[in-house]
Amino acid sequence: MDISKIAVIMSTYNGEKYISEQINSILYQELEDNYDLNIYVRDDGSTDNTKEVLKDISDKTDRVHILKTEHNLGVRLSFFELLNSVEADYYFFADQDDVWKTNKIKKFMEVFQSTNKNDLIGVYSDLELVDKDLKKLGMSMMESHNWSYDEKRSFDFLIFHYRVTGASFAINRKVRDVVTTYNENEFGTVNMHDSFIALLIAASNGLHFIPEKLVKYRQHDGNVIGAYSKKTSKLNFKSRANGFRAFFEDLALLLKRSDSLNITEKNKLVLQDTQFFVNANGFLGKLSNVLKAKSDVWKTIGWKNVLFLTLFY
């Protein structure tokens, strides 16, 4: 019987309060015998008792592995180091303070098994919002943002409308092998590790969505990134421009590995149109590139945003 190795990778920082509950929810997943599940944790410089809690857990089971760390890298590079350090067939990203429903990995693996392991494949689901005591808040992650299960999650849509939350996201080995061809300096510039990797996968049409709430996504004062992130005022032009700049920088980084991504011809046009826009000079130059675009990328962002970009980007 072939055994598939599943690596759950987790970056921790001052997570002593909830980490044990999260790890236990992962260890007791409903899985068949042909899966070998292990958890790999990298602590990113905690100053509370997180390291001691992790050591106590790892001493009791051989399925929890603690990476040796020397300094704080930040969440993006911490996960990047985990991907570089761990060998597996499938990689599940995990936050330190959530709780996974017992059938989460089983549901994800059903999708992975229906795909070609030689393709770039990523899977994600919705998340159930709960408070610090795991009491339901009456909505999901997608409902809190008025996102629809029926959205067409195409590459050109996801460029400006990130939908993938790392707390409920998994990738196959093929994706990991492409991601780790970037160096630390390159990956350290991405907007966020989960959104960039999802965009990379979407470029080759390998992103799959499960319309179920498979993670209890805990909302509390210590969230690094929660469901209720602050929205940028539409009048804060500089901040909005910087937000769009982060999108475009992710696309430029993606282009560096375009030959190994098997990007569809349609999505190549999207990349070309966005790069032509970035490189154009002045309002008229940018407007001209929008009007000459061969893809639908500018329709997906909306004409109000296009006007903003031509004026202020």
Side-chain angles (χ1 to χ4, degrees), residues 74-76 124 139 141-166 169 186-203 205 207 209 223-256 258 261 263-313:
V75 64
R76 290 169 297 185
Y124 73 107
M139 65 182 74
M141 178 69 167
M142 296 189 70
E143 290 167 344
S144 73
H145 290 278
N146 294 317
W147 300 339
S148 169
Y149 280 4
D150 298 323
E151 287 175 344
K152 184 181 179 182
R153 295 168 180 82
S154 59
F155 176 62
D156 53 353
F157 178 83
L158 289 171
I159 286 174
F160 299 107
H161 304 85
Y162 287 160
R163 292 293 190 262
V164 179
T165 305
F169 183 38
E186 290 173 321
F187 201 80
T189 67
V190 302
N191 196 14
M192 274 301 287
H193 62 283
D194 46 9
S195 57
F196 175 73
I197 294 173
L199 197 60
L200 181 151
I201 297 166
N205 292 345
L207 193 61
F209 173 64
N223 283 111
V224 176
I225 298 177
Y228 305 111
S229 57
K230 294 181 180 179
K231 294 183 178 180
T232 301
S233 169
K234 291 186 179 297
L235 297 178
N236 190 337
F237 295 161
K238 182 177 180 181
S239 181
R240 288 186 67 200
N242 286 338
F244 282 115
R245 185 168 288 107
F247 294 149
F248 288 124
E249 287 175 355
D250 278 2
L251 293 178
L253 193 59
L254 189 154
L255 268 175
K256 288 187 175 183
S258 58
L261 296 182
I263 299 177
T264 65
E265 290 302 316
K266 178 181 177 181
N267 292 339
K268 285 180 181 178
L269 290 177
V270 173
L271 281 174
Q272 290 172 5
D273 287 338
T274 56
Q275 291 306 302
F276 288 153
F277 177 87
V278 170
N279 295 328
N281 293 318
F283 172 80
L284 292 178
K286 293 189 184 302
L287 182 61
S288 175
N289 274 284
V290 168
L291 296 175
K292 293 178 181 178
K294 297 180 180 179
S295 71
D296 292 330
V297 63
W298 304 117
K299 292 181 181 178
T300 66
I301 188 179
W303 294 112
K304 289 182 179 179
N305 284 322
V306 170
L307 180 61
F308 171 85
L309 282 170
T310 55
L311 288 170
F312 299 107
Y313 181 76

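What you see below is based on every heavy atom in this structure, not just the backbone, and it leaves out hydrogens, waters and symmetry mates. The first residue of the sequence shown is numbered 1, and numbering continues consecutively from there.
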A.B. asks: Could you check if a side-chain atom of Phe244 sits within less than 4.5 angstrom of a side-chain atom of Phe312, using non-hydrogen atoms only?
C.D. replies: no

A.B. asks: With the side chain counted from C-beta on, respond yes when Val290 and Trp303 share a heavy-atom pair under 4.5 Å apart, and no when they do not.
C.D. replies: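 Yes. Closest side-chain heavy atoms under 4.5 Å.
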
A.B. asks: One pair to check against side chain to side chain donor-acceptor pair (under 3.5 Å): Ser295 and Asp273. What are the steps and the verdict?
C.D. replies: CA-CA 7 Å; Ser295 71; Asp273 287 338; 2.7 Å; yes

A.B. asks: Heavy atoms only: give me the nearest Trp298-Leu309 pair and the separation to one decimal.
C.D. replies: CZ3-CD1, 4.2 Å

A.B. asks: Looking at residues at least two apart in the chain, or sitting in another chain, which of them share a side chain to side chain contact (heavy atoms under 4.5 Å, CB included) with Arg163?
C.D. replies: Tyr124, Trp147, Glu151, Phe157, Leu158, His161

A.B. asks: Donor-acceptor pair, Thr274 side chain versus Val270 backbone, under 3.5 Å?
C.D. replies: yes

A.B. asks: Go through the steps for Asn242 and Tyr313 under the test side chain to side chain donor-acceptor pair (under 3.5 Å), then give the verdict.
C.D. replies: CA-CA 8 Å; Asn242 286 338; Tyr313 181 76; over 6 Å; no

A.B. asks: Enter the distance from Leu271:CG to Leu254:CG here, rounded to the nearest 0.5 Å.
C.D. replies: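 If I round to the nearest 0.5 Å, the distance is 6.0 Å.
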
A.B. asks: Which heavy atom in Leu253 sits nearest to a heavy atom in Glu186, and how many Å separate them?
C.D. replies: CD2-O, 3.5 Å

A.B. asks: Looking only at atom types and distance, does a side-chain atom of Asn191 sit under 3.5 Å from a main-chain N or O of Ala246, one as donor and one as acceptor?
C.D. replies: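 Checked: no pair found.
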
A.B. asks: What's the spacing between Asn281 CG and Asn289 CG if we round to 0.5 Å?
C.D. replies: 10.0 Å

A.B. asks: Test side chain to side chain contact (heavy atoms under 4.5 Å, CB included) on Tyr162 and Leu199; report intermediate values, then the result.
C.D. replies: CA-CA 8 Å; Tyr162 287 160; Leu199 197 60; 4.3 Å; yes

A.B. asks: Can you see which heavy atom on Met192 is nearest to which on Val75, and at what distance?
C.D. replies: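 Where Met192 meets Val75 most closely, the heavy atoms are CE-CG1, 3.8 Å.
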
A.B. asks: Do Ile201 and Phe196 touch side chain to side chain, with heavy atoms closer than 4.5 Å?
C.D. replies: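 No - every pair of side-chain heavy atoms lies 4.5 Å or more apart.
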
A.B. asks: Honestly, is Arg76 close enough over Phe187, meaning NZ or CZ under 6.0 Å from the six-membered ring centre and within 45° of the axis?
C.D. replies: no

A.B. asks: Kindly say whether Phe283 contributes a backbone atom to a donor-acceptor pair with the side chain of Thr310 at under 3.5 angstrom?
C.D. replies: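 Flag not set: sc Thr310 to bb Phe283 has no pair under 3.5 Å.
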
A.B. asks: Taking the six-membered ring of Phe308, is the NZ or CZ of Arg240 close enough (under 6.0 Å from the centre) and on axis enough (within 45°)?
C.D. replies: yes

A.B. asks: What pair of heavy atoms forms the shortest contact from Val190 to Asp250, and how long is it?
C.D. replies: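 Heavy atoms of Val190 and Asp250 come nearest at CA-OD1, 3.4 Å.
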
A.B. asks: Starting at NZ of Lys294, measure out to NZ of Lys292 and round the result to the nearest 0.5 Å.
C.D. replies: 10.5 Å

A.B. asks: Check Ala198 against Leu207 and note the closest heavy-atom contact, atom names and distance.
C.D. replies: O-CD2, 4.2 Å

A.B. asks: Assess the pair Phe247 and Phe160: is the distance between their ring centroids shorter than 6.0 Å?
C.D. replies: yes

A.B. asks: Please report the interatomic distance CG(Asn279) to CZ(Phe248), rounded to the nearest 0.5 Å.
C.D. replies: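 The CG atom of Asn279 sits 10.5 Å away from the CZ atom of Phe248.
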
A.B. asks: For the atom pair CG (Leu200) and CG (Leu261), what is the distance rounded to the nearest 0.5 Å?
C.D. replies: 4.5 Å

A.B. asks: Please report the interatomic distance CG(Leu287) to CG(Leu307), rounded to the nearest 0.5 Å.
C.D. replies: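 Answer for the CG-CG pair, Leu287 versus Leu307, is 8.5 Å.
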
A.B. asks: Where the side chain of Ser258 meets the backbone of Leu255, is there a donor-acceptor pair that is under 3.5 Å apart?
C.D. replies: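 Indeed, once roles are kept as given, a pair shorter than 3.5 Å links the two residues.
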
A.B. asks: Would you name the heavy atoms of Ala280 and Lys286 that are closest together and state the gap between them?
C.D. replies: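 Closest heavy-atom pair between Ala280 and Lys286: O-NZ, 3.1 Å.
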
A.B. asks: Would Met142 and Phe209 count as a side chain to side chain contact (heavy atoms under 4.5 Å, CB included) if you check the C-alpha gap in whole Å, the side-chain angles of each, and the deciding distance to 0.1 Å?
C.D. replies: CA-CA 12 Å; Met142 296 189 70; Phe209 173 64; 3.4 Å; yes

A.B. asks: Please check this pair: side chain of Asn267 against backbone of Ala203, looking for a donor-acceptor N/O pair closer than 3.5 Å.
C.D. replies: yes

